[in-house]
Amino acid sequence: MAKSQSGPKLQPVRGTHDIMGDKARTFRYINQVFQDIAKRFGHEEISTPIFEFTEIFNRTLGETSDVVSKEMYTFEDRGGESLTLRPEYTAGIARAFISNGLQQSLPCKFFAFGPMFRYERPQKGRMRQFHQMDIEILGVAEPQADIEVLAIAVTLLTELNLMDDISLEINSLGDKESRDAYRDALVVYFTEHKARLSEDSLARLEKNPMRILDSKDENDRALVENAPRISDYYNVETRLFFDTVLAGLDALQIKYVINERLVRGLDYYSHTAFEFVTSKLGAQGTVLAGGRYDGLIEKMGGQSTAGIGWAAGMERLSDLISPDLVTQDTRPVSIIPVGDDCQTEALKLAYRLRKADYIIDMSYRGNMAKRMKRANKISSMAAIIIGEDELKRGTVMIKNFDDGSQTEIALDQVMTHLNHYR
RNA sequence: GCGGGUGUAGCUCAGUUGGUUAGAGCACCAGAUUGUGAUUCUGGGUGUCGCCGGUUCGAUCCCGGUCACUCGCCCCA
């Protein structure tokens with residue numbers, strides 16, 4: 001790392017990264033595919049601020065959730081307001097939905113993307129500033145929305161050519177009645193076996209017993225094996241809803257695995273919950289996840305409105321994509337003036353071609369050999385050489401870098417000739 | 001917040017059981033070549049061996065601390 005003699009620390013803040021080169025290209029590619037698909041499914045873009053009043057997050061995500069209790073970037077602004085950098089997208093979109101009175105125009109189908117912030121210890125696939133792509137449908141209580149949102153996810157991962165390494169795990173957390181009944185059963189069960197629970201899970205028993213289900217502690221897992229199963233506590237409505245979602249996936253030939261231990265970390269989920277997971281990313285296998293959050297808008301103070309959505313991690317997706325699979329940018333054409341007298345003509349030609357949609361590179365200094373080297377380095381398709389001799393004849397030399405051939409072309413024919421390179 | 005690993009050139013990494021001017025490949029710069037790239041040849045090291053302190057005649061190497069990165073736990077995209 002470069003060092004400064006004195007002055008500010010030059011490393012980026014822990015858990016943040018500069019995005020450039022292949023990484024930037026991969027991000028742009030993923031994002032283009034995502035936006036294209038979202039539009040095909042009839043979603044509209046929404047972009048909300050990267051910070052909100054702190055209340056927006058801590059009232060909705062759950063006070064006891066890890067995100068709220070220890071991962072938020074919260075600060076006071078100069079006016080004394082407590083603000084928080086968004087740790088996820090859904091709460092901000094829900095707030096925007098209410099702020100803008102969008103219950104008048106249901107259903108709302110949104111897509112969004114941008115940076116998120118969580119104060120965590122960084123590791124593979126986990127950053128303090130990371131980027132998510134987000135899909136939400138608001139105002140549709142029918143399971144068709146669940147199916148559609150999952151179809152978007154599968155389309156995205158398929159078009160990114162990642163579905164071979166990723167599987168969909170799905171569960172239903174049930175409606176409130178089912179979930180409360182199940183929660184009670186879990187508390188009874190785990191309280192009986194309190195002595196064998198890990199320390200972490202003892203705390204979970206108090207705060208959020210369902211999370212004991214995805215504990216990685218060996219003893220816990222043994223207990224979980226024999227714990228009550230959520231599907232036994234589904235009421236009729238929940239069972240029907242979940243079966244409809246699964247039937248929809250079957251109809252679309254979307255493969256899935258029911259994982260009854262899948263619970264989500266944030267409090268606002270109900271009914272459908274899902275994760276797309278891979279084993280190729282080390283400890284952070286979840287690449288895209290989401291679920292239904294029918295109670296969220298009401299909890300936030302709006303009219304009761306159904307909602308379902310998901311978020312995908314850009315960093316995690318791009319870690320799965322090798323850079324050479326990303327579409328190469330169109331190669332440039334280099335213009336090389338020889339001698340000062342040709343600068344103006346070169347400048348004019350470059351401008352003309354750029355306005356006509358060509359990608360033109362012009363180096364700023366160096367003799368011809370150096371400029372040719374640079375042209376080669378940036379993988380130009382061709383060099384347009386303008387020298388005094390050519391200028392007198394009203395022509396330029398066009399050198400094809402792939403076969404080394406060289407042709408003299410009249411200045412006003414340059415564009416026609418370049419069509420060979422399109 | 002808790003564990004493990006790693007810090008040597010722009011990048012990937014070698015190295016010294018503690019010894020004088022610290023190395024390789026790639027990259028980069030200059031020249032061979034003031035009108036021709038990719039190939040070739042010549043020359044150039046661009047470095048506080050992360051930082052601070054300790055042991056020592058002597059530390060890049062050993063010890064302590066610290067910072068950074070990294071992997072994992074917790075949790076999550």
Side-chain angles (χ1 to χ4, degrees), chain A residues 1-5 9-17 21 61 64-71 87-90 113-135 153 198-201 203-204 208 211 214-217 263-266 274-278 281-290 309-320 334 336-340 342 363 366-391 396-406:
Chain A
M1 182 182 302
K3 288 134 192 149
S4 66
Q5 293 297 319
K9 288 193 264 185
L10 294 180
Q11 67 266 48
V13 173
R14 184 200 292 274
T16 67
H17 289 290
L61 306 184
T64 63
S65 70
D66 277 53
V67 170
V68 169
S69 60
K70 59 182 198 189
E71 294 174 0
E88 56 104 53
Y89 227 137
T90 305
F113 55 89
M116 306 294 153
F117 306 85
R118 290 183 197 174
Y119 189 89
E120 297 185 274
R121 191 70 180 270
Q123 57 183 279
K124 189 178 175 66
R126 169 180 302 167
M127 265 68 70
R128 289 185 174 180
Q129 176 177 337
F130 59 104
H131 300 78
Q132 288 188 335
M133 299 174 299
D134 194 272
I135 286 284
S198 69
E199 206 178 308
D200 284 340
S201 287
R204 293 185 184 113
N208 191 346
R211 270 209 260 154
D214 64 359
S215 172
K216 283 171 189 164
D217 182 274
V263 295
R264 311 295 338 283
L266 308 178
F274 54 86
E275 294 186 359
F276 287 80
V277 296
T278 177
L281 282 181
Q284 276 64 239
T286 304
V287 128
L288 183 158
W310 53 252
M314 300 266 290
E315 281 81 359
R316 291 185 186 178
L317 288 175
S318 80
D319 281 351
L320 290 172
S334 292
I336 299 181
V338 183
D340 291 343
C342 306
S363 52
N367 60 28
M368 188 167 176
K370 283 195 203 314
R371 291 176 194 239
M372 291 294 273
K373 273 185 197 169
R374 175 186 158 78
N376 190 66
K377 204 173 92 180
I378 64 171
S379 68
S380 289
M381 297 186 281
I384 300 178
I385 299 159
I386 306 182
E388 283 175 45
D389 300 345
E390 287 84 1
L391 209 53
V396 296
M397 286 297 235
I398 298 185
K399 174 155 186 159
N400 181 326
F401 276 124
D402 291 332
D403 61 16
S405 68
Q406 194 160 296

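Just so we're on the same page: letters track the sequence lines, and every chain starts at 1. These figures come from a predicted structure and were not determined experimentally.
- Paired runs in RNA chain B that reach 3 or more consecutive Watson-Crick or G-U pairs, where each pair keeps both distances under 3.5 Å, cover B:1-7 with B:67-73, B:10-13 with B:23-26, B:28-32 with B:40-44, B:50-54 with B:62-66.
- The residue A:Gly339 sits apart from the nucleic acid: no heavy atom pair falls under 4.0 Å.
- Residues meeting the side chain to side chain contact (heavy atoms under 4.5 Å, CB included) test with A:Arg14, sequence neighbours left out: A:Arg121, A:Pro122, A:Arg128.
- B:C28 and B:U6: their C1' atoms are spaced 27 Å apart (whole Å).
- Applying the 3.5 Å distance criterion, the base of B:C76 shares a donor-acceptor pair with the side chain of A:Arg316.
- Remark: A:Glu275 pairs with A:Arg264 by the salt bridge (Lys or Arg N to Asp or Glu O under 4.0 Å) rule, at least two apart or across chains.
- A:Gln123 has its CD atom 12 Å from the C1' atom of B:G3, to the nearest Å.
- In this structure, A:Leu281 places its CG atom 15 Å from P of B:U70, rounding to the nearest Å.
- Comparing B:G31 with B:C71, their P atoms sit 43 Å apart, to the nearest whole Å.
- No donor-acceptor pair closer than 3.5 Å links the side chain of A:Gln129 to the backbone N or O of A:Gly15.
- By the salt bridge (Lys or Arg N to Asp or Glu O under 4.0 Å) test, A:Asp402 is found to be paired with A:Arg331, residues two or more places apart in sequence or in another chain being considered.
- Taking atom CD of A:Glu120 as the reference point, atom P of B:C2 lies 16 Å away to the nearest angstrom.
- Here, B:U56 and B:C73 have their P atoms 44 Å apart, quoted to the whole Å.
- The side chain of A:Arg121 contributes no N or O atom lying less than 4.0 Å from OP1 or OP2 of B:C73.
- A:Glu388 comes within contact range of at least one nucleobase, with a heavy-atom separation under 4.0 Å.
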Which atom pairs link the protein and nucleotides 37-39 of chain B when you take only N or O atoms and keep those under 3.5 Å?
from	atom 1	to	atom 2	distance (Å)
B:G37	O2'	A:Met372	O	3.4
B:G37	N1	A:Phe401	O	3.1
B:G37	N2	A:Asn376	OD1	3.1
B:G37	N2	A:Phe401	O	2.8
B:G37	N3	A:Asn376	OD1	3.3
B:A38	O4'	A:Asn376	ND2	2.8

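- To the nearest angstrom, C1' of B:A77 lies 14 Å from OH of A:Tyr89.
- No side-chain heavy atom of A:Phe130 sits under 4.5 Å from any side-chain heavy atom of A:Arg316.
- Comparing the same atom, P, in B:G50 and in B:A59 gives a spacing of 15 Å after rounding to whole Å.
- Of the P atoms belonging to B:G5 and B:G23, the separation is 31 Å, rounded to the nearest Å.
- Not counting sequence neighbours, A:Glu71 has no partner by the salt bridge (Lys or Arg N to Asp or Glu O under 4.0 Å) test.
- Spacing between atom CZ of A:Arg371 and atom P of B:G35 amounts to 12 Å, rounded to whole angstrom units.
- Of the P atoms belonging to B:C61 and B:G18, the separation is 11 Å, rounded to the nearest Å.
- No hydrogens or angles were tested; on distance alone, a donor-acceptor pair under 3.5 Å links the side chain of A:Glu390 to the base of B:G35.
- Distance CZ (A:Arg128) to P (B:A68): 9 Å, rounded to an integer number of Å.
- Residues passing the salt bridge (Lys or Arg N to Asp or Glu O under 4.0 Å) test with A:Arg374, sequence neighbours excluded: A:Asp361.
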**Asked** Could you walk me through whether A:Glu315 and A:His17 pass the side-chain contact (heavy atoms from CB on, under 4.5 Å) check?
**Response** CA-CA 11 Å; A:Glu315 281 81 359; A:His17 289 290; over 6 Å; no
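- Annotation: side chain of A:Tyr89 is in contact with side chain of A:Met116 (closest heavy-atom distance under 4.5 Å).
- Heavy atoms of A:Ile385 sit under 4.0 angstrom from at least one base atom.
- Counting any heavy atom pair closer than 4.0 Å across all strands shown, A:Glu275 reaches no nucleic acid atom.
- Scored by the side chain to side chain contact (heavy atoms under 4.5 Å, CB included) test, A:Ala312 finds A:Met133, A:Leu288, A:Trp310, A:Leu317 as partners (sequence neighbours excluded).
- B:C63 and B:C26 have their C1' atoms separated by 36 Å, with the value rounded to a whole Å.
- In this structure A:Ser318 satisfies the side chain to side chain donor-acceptor pair (under 3.5 Å) test together with A:Lys23, sequence neighbours excluded.
- Considering only residues two or more places apart in sequence or on other chains, A:Asp403 meets the side chain to side chain donor-acceptor pair (under 3.5 Å) condition with A:Ser405.
- A:Leu391 pairs by the side chain to side chain contact (heavy atoms under 4.5 Å, CB included) definition with A:Cys342, A:Glu345, A:Ile386, not counting sequence neighbours.
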Taking only nitrogen or oxygen atoms into account, show me every contact under 3.5 Å that the protein makes with nucleotides 41-46 of chain B, one pair per line with its distance.
none

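- B:U60 and B:G7: their P atoms are spaced 16 Å apart (whole Å).
- Among the atoms of the strands shown, base atoms are found under 4.0 Å from some heavy atom of A:Met397.
- The CG atom of A:Leu391 sits 15 Å away from the P atom of B:G35 (whole-angstrom rounding).
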